[in-house]
Amino acid sequence: MKNPLLFYRYMNNIEKEIKRFLKPDMEILFCKINDKADFLKVTIDSINNISIDETSYIVKKIKNDDMIMSNFPNGLKIEVGTPGVDSSLIKKFQFAKNIGRKINLEYKDNEKSNVGLFCLIEANDSYIVVEKFSEKMNVKYENIINAKVEISFA
């Protein structure tokens, strides 16, 4: 699809349709269609864990949805999954879900970029609270450039 406005509307309609199949606590983080390959990739997350059965259910609902499938006369390959371990935290509930874990955090402080490994100790609607060397710091969501959970095998 060459027209950006039409593609935006098309994607919006597909996302709205997919949202109907999600539980109330689930959110779409990423939805991408590759028209040339007839491939749809959807990444979802929730404050609660999402099982493979739930993602399979969503795939089945998409495959049985006439509105979505009518756009793909040659069929559609569908992938529905959750963020990988190396994915960035982008939604407030993802921060709340990871309280108590260490996060690699890049943030702005007075227009200066800072990076560090912190323990995430709180997440509310306005900011997160992180701790490093027994010092606590509030970081507003709008100042977060990137945040990833630190994965360690000990």
Side-chain angles (χ1 to χ4, degrees), residues 1 4 7-63 65 68 71-72 76-109 111-133 135-154:
M1 202 173 281
F7 186 74
Y8 175 77
R9 286 184 186 151
Y10 169 73
M11 283 301 299
N12 255 4
N13 289 339
I14 298 247
E15 279 191 43
K16 281 181 189 173
E17 195 69 11
I18 292 169
K19 283 180 185 176
R20 292 184 329 108
F21 309 134
L22 304 181
K23 288 183 176 178
D25 64 335
M26 293 180 182
E27 283 192 45
I28 295 175
L29 301 180
F30 177 79
C31 184
K32 184 170 183 176
I33 294 176
N34 181 333
D35 286 5
K36 293 176 177 60
D38 292 326
F39 180 71
L40 169 66
K41 180 175 181 167
V42 182
T43 304
I44 58 173
D45 203 359
S46 169
I47 189 72
N48 300 306
N49 291 329
I50 298 173
S51 71
I52 292 173
D53 288 343
E54 289 171 313
T55 58
S56 296
Y57 169 82
I58 295 165
V59 168
K60 287 177 189 164
K61 294 301 266 184
I62 293 169
K63 282 192 173 220
D65 186 274
I68 294 174
N71 291 289
F72 301 93
L76 178 65
K77 292 176 242 146
I78 304 167
E79 179 183 314
V80 176
T82 56
V85 293
D86 64 337
S87 296
S88 295
L89 304 176
I90 56 175
K91 299 281 187 173
K92 293 176 184 179
F93 75 84
Q94 291 179 297
F95 286 92
K97 185 176 178 174
N98 285 288
I99 289 175
R101 294 195 169 127
K102 295 201 180 301
I103 61 169
N104 285 305
L105 180 64
E106 182 181 0
Y107 63 98
K108 291 183 295 190
D109 185 20
E111 298 308 313
K112 181 182 164 203
S113 180
N114 298 287
V115 179
L117 182 63
F118 299 89
C119 182
L120 177 60
I121 58 174
E122 184 183 331
N124 61 41
D125 284 340
S126 305
Y127 57 87
I128 62 172
V129 180
V130 292
E131 184 177 42
K132 186 174 188 175
F133 306 123
E135 282 190 40
K136 293 180 182 177
M137 177 177 64
N138 297 352
V139 180
K140 291 182 178 180
Y141 289 108
E142 61 263 22
N143 292 335
I144 296 172
I145 298 167
N146 194 23
K148 289 185 178 184
V149 175
E150 174 74 9
I151 305 300
S152 62
F153 300 97

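No hydrogens, no waters, no symmetry mates; every other heavy atom, side chains included, goes into these values.
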Could you give me the CA-CA distance, side-chain angles and deciding distance for N71 and I14, then say whether side-chain contact (heavy atoms from CB on, under 4.5 Å) is met?
-> CA-CA 10 Å; N71 291 289; I14 298 247; 4.2 Å; yes
Give the C-alpha distance, both sets of side-chain angles, the deciding distance and a yes or no for side-chain contact (heavy atoms from CB on, under 4.5 Å) between I58 and L22.
-> CA-CA 7 Å; I58 295 165; L22 304 181; 3.4 Å; yes
Would you check, one step at a time, whether the test side-chain contact (heavy atoms from CB on, under 4.5 Å) holds for E150 with N98?
-> CA-CA 10 Å; E150 174 74 9; N98 285 288; over 6 Å; no
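Within 6.0 Å of NZ on K136 lie no more than 12 heavy atoms contributed by other residues, nucleotides or ligands. Within 6.0 Å of the CG atom in N49, the count of heavy atoms belonging to other residues, nucleotides or ligands does not exceed 12. More than 12 non-hydrogen atoms from other residues, nucleotides or ligands lie less than 6.0 angstrom from CD of E142. The environment of NZ in K61 is sparse: at most 12 heavy-atom neighbours from other residues, nucleotides or ligands sit within 6.0 Å. Counted within 6.0 Å of CD1 on I52, heavy atoms from surrounding residues, nucleotides or ligands total 12 or fewer; the atom is thus considered open.
K102 is linked by a salt bridge (Lys or Arg N to Asp or Glu O under 4.0 Å) to nothing, counting only residues two or more places apart in sequence or in another chain.
The shortest distance between side-chain heavy atoms of C31 and L40 falls below 4.5 Å. Residues N114 and K112 have side chains in contact (heavy-atom distance under 4.5 Å, counting atoms from C-beta outward). In this structure, L76 and K63 have side chains that are not in contact, with every pair of non-hydrogen atoms separated by 4.5 Å or more. The closest side-chain heavy-atom distance from N104 to V115 is not below 4.5 Å. Proximity of D45 to F93: side-chain heavy atoms (C-beta onward) are separated by under 4.5 Å at one or more points. With a 4.5 Å cut-off on side-chain heavy atoms, I144 and L105 count as touching. Two residues are said to be in side-chain contact when any heavy atoms from C-beta on lie closer than 4.5 Å; I18 and I62 meet this criterion. Using a 4.5 Å heavy-atom threshold, the side chains of V42 and I28 count as touching.
Note: Y107 and F118 have perpendicular aromatic rings, judged against thresholds of 30 and 60 degrees for the angle between ring planes.
Nearest heavy atom pair, residue A96 against residue A123, reads N-CB, 3.6 Å. Taking each heavy atom of Y127 and N124 in turn, the nearest pair found is N-OD1, 2.8 Å. The nearest pair of heavy atoms linking I68 to F72 is O-CD1, 3.3 Å.
Taken to the nearest 0.5 Å, the NZ atom of K32 stands 9.5 Å off from the NZ atom of K41. Between the CD1 atom of I44 and the CZ atom of F21 there is a distance of 12.5 Å, given to the nearest 0.5 Å. Note that the OG atom of S113 and the NZ atom of K108 stand 9.5 Å from one another [nearest 0.5 Å]. Note: I47 CD1 to K92 NZ = 13.0 Å, rounded to the nearest 0.5 Å. Note: Q94 CD to S88 OG = 9.0 Å, rounded to the nearest 0.5 Å. Atom CD1 of I90 sits about 9.0 Å away from atom CD of E27, to the nearest 0.5 Å.
Listed for the K91 side chain is no donor-acceptor partner under 3.5 Å among the backbone atoms of L29.
Residue pairs meeting the salt bridge (charged side-chain N to carboxylate O under 4.0 Å, His left out) criterion with at least one member in residues 17-26, sequence neighbours excluded: E17-R20, R20-D65, K23-E54.
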